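From a predicted model like this one, the values you see are computed outputs, not experimental measurements.
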Amino acid sequence: MTTNWDKLRPVLFESIGTTIYMVVITLVVGGLIGLAVGTLLYATRKGGILQNTAAYTVLNILVNIVRPIPFIILLAALGPVTLAVVGRTIGTEAAIFVMIIASSFAIARIVEQNLVTVDPGVIEAARAMGAGPLRIIVTLLIPEALGPLILGYTFVLIGIVDMSAMAGTIGGGGLGDFAIVYGYQRFNWQVTLVATLVIILLVQASQFFGNWLARKALRR
């Protein structure tokens, strides 16, 4: 099959832009929500600076329920919620909404796990000097765990790129939609291959940038 790239090239560039848009919005919004939830998980756990068994149990169960659900199933399971919030269950906005939920819980667990590695002695010293929980979190906990946190966010970023591709199954736009509509459904393997290669390049660029940023944070 001959591929008319003069016609498909603008569609490909638009799909790349849509994928980047979906990934950035998801990383920013999901990253902030995940940071807040993960920090609460750390702070409310037994011995934490805001120890609260009930709050920790609820958050922990919620993360454990949502995080393992495959994204393609989550898209379907959250259909009624997506419809209520976004007003539709297909399209880019619907996909981004589910991507934000999925990434938030994944990031929350990564944040908690990285904050746990901070030396408890440092926390106790700060508390002994009269520092409040919020000050400890903002000026001590997060800066101390910054390098590992960046690596964790990079890992999730790659997962978000994968989710953006799967969002093509609900017409979410982006490279996944491009590969399905113009490649798979038309038996045009050249188009599918090109979309796959672009996704690989995006993932490699994200990994390189995340590793570089983490090294800068660890050297400070």
Side-chain angles (χ1 to χ4, degrees), residues 15-43 45 56 59-75 77-78 92 95-119 137-138 140-169 172-176 179 195-220:
S15 299
I16 293 172
T18 301
T19 291
I20 293 173
Y21 168 74
M22 294 168 70
V23 169
V24 170
I25 294 297
T26 301
L27 183 64
V28 172
V29 179
L32 290 173
I33 295 173
L35 180 63
V37 175
T39 303
L40 280 173
L41 278 168
Y42 168 82
R45 65 191 295 124
Y56 176 79
L59 287 174
N60 190 51
I61 291 174
L62 194 58
V63 170
N64 285 341
I65 290 174
V66 177
R67 193 169 63 98
I69 301 175
F71 181 69
I72 195 70
I73 296 176
L74 195 63
L75 280 169
L78 289 179
T92 303
I96 290 175
F97 175 73
V98 183
M99 288 168 63
I100 287 173
I101 292 177
S103 62
S104 296
F105 287 101
I107 289 171
R109 186 62 78 196
I110 287 174
V111 169
E112 181 200 15
Q113 291 171 346
N114 281 293
L115 293 182
V116 168
T117 64
V118 176
D119 184 3
I137 290 169
V138 174
L140 182 62
L141 267 176
I142 294 177
E144 282 291 320
L146 188 58
L149 280 174
I150 292 173
L151 289 175
Y153 271 73
T154 302
F155 176 78
V156 174
L157 173 59
I158 294 169
I160 292 173
V161 174
D162 291 342
M163 286 190 286
S164 73
M166 283 187 279
T169 58
L175 289 166
T196 302
L197 290 175
V198 173
I199 289 174
I200 291 173
L201 288 174
L202 287 176
V203 168
Q204 292 302 316
S206 301
Q207 186 72 64
F208 176 82
F209 179 72
N211 289 344
W212 173 81
L213 204 59
R215 285 196 298 269
K216 297 282 285 186
L218 289 170
R219 288 173 184 169
R220 63 182 174 81

task = Grab the two heavy atoms, one from Phe71 and one from Ala102, that are nearest each other, plus how far apart they are.
result = CD1-CB, 4.1 Å
inquiry  = Minimum heavy-atom separation for Ile199 and Ala165, please, with both atom names.
reply    = CD1-CB, 4.0 Å
message = Rounded at 0.5 Å granularity, tell me how far CD1 in Ile100 sits from CG in Leu27.
response = 10.5 Å
remark   = d(Met163 CE, Thr19 OG1) to nearest 0.5 Å is 12.5 Å
inquiry  = Donor-acceptor pair, distance only, cut-off 3.5 Å: does the side chain of Tyr42 make one with the backbone of Gln113?
reply    = no
ask   = Closest approach of Ala214 and Gly147, non-hydrogen atoms and distance?
value = CB-O, 3.8 Å
Evaluation steps, side-chain contact (heavy atoms from CB on, under 4.5 Å), between Gln207 and Phe155 = CA-CA 8 Å; Gln207 186 72 64; Phe155 176 78; over 6 Å; no
Interatomic distance, Asp162 atom CG to Ile158 atom CD1 [nearest 0.5 angstrom] = 8.0 Å
query = Do Arg45 and Glu112 come close enough that some side-chain heavy atom pair is under 4.5 Å?
reply = yes
query = In Å, rounded to the nearest 0.5 Å, how long is the span from OG of Ser103 to CD1 of Ile33?
reply = 7.5 Å
request  = Check the side chains of Arg109 and Asn64 for a donor-acceptor pair under 3.5 angstrom, ignoring hydrogens and angles.
outcome  = yes
ask   = Taking all atoms of both residues into account, what is the closest heavy-atom pair of Thr18 and Gly173, and its distance?
value = CG2-C, 4.0 Å
Minimum side-chain heavy-atom gap Thr117-Glu144 below 4.5 Å = no
task = Return the minimal non-hydrogen interatomic distance between Leu157 and Ser206, and the atom names on each side.
result = CD2-CB, 3.5 Å
request  = Work out which heavy atom in Gly210 is nearest to a heavy atom in Ile150; give both atom names and the distance.
outcome  = O-CG2, 3.6 Å
ask   = OG1/Thr92 to CE/Met99 distance, rounded to the nearest 0.5 angstrom?
value = 10.0 Å
query = Any side-chain heavy atom of Phe208 sitting closer than 4.5 Å to one from Gln204?
reply = no
task = For residues Leu202 and Leu175, determine if any side-chain heavy atom of one lies less than 4.5 Å from a side-chain heavy atom of the other.
result = yes
inquiry  = Using a 3.5 Å distance criterion without hydrogens, assess whether the side chain of Thr26 forms a donor-acceptor pair with backbone atoms of Val23.
reply    = no
ask   = Going from CG on Leu41 to OH on Tyr56, what distance comes out if it is rounded to the nearest 0.5 angstrom?
value = 6.0 Å
ask   = Do the side chain of Asn114 and the main chain of Ile110 share a donor and acceptor less than 3.5 angstrom apart?
value = yes
request  = Could you walk me through whether Leu35 and Tyr153 pass the side-chain contact (heavy atoms from CB on, under 4.5 Å) test, one step at a time?
outcome  = CA-CA 10 Å; Leu35 180 63; Tyr153 271 73; 3.4 Å; yes
request  = Decide yes or no on side-chain contact (heavy atoms from CB on, under 4.5 Å) for Ile96 and Tyr21, but give the supporting numbers first.
outcome  = CA-CA 9 Å; Ile96 290 175; Tyr21 168 74; 3.6 Å; yes
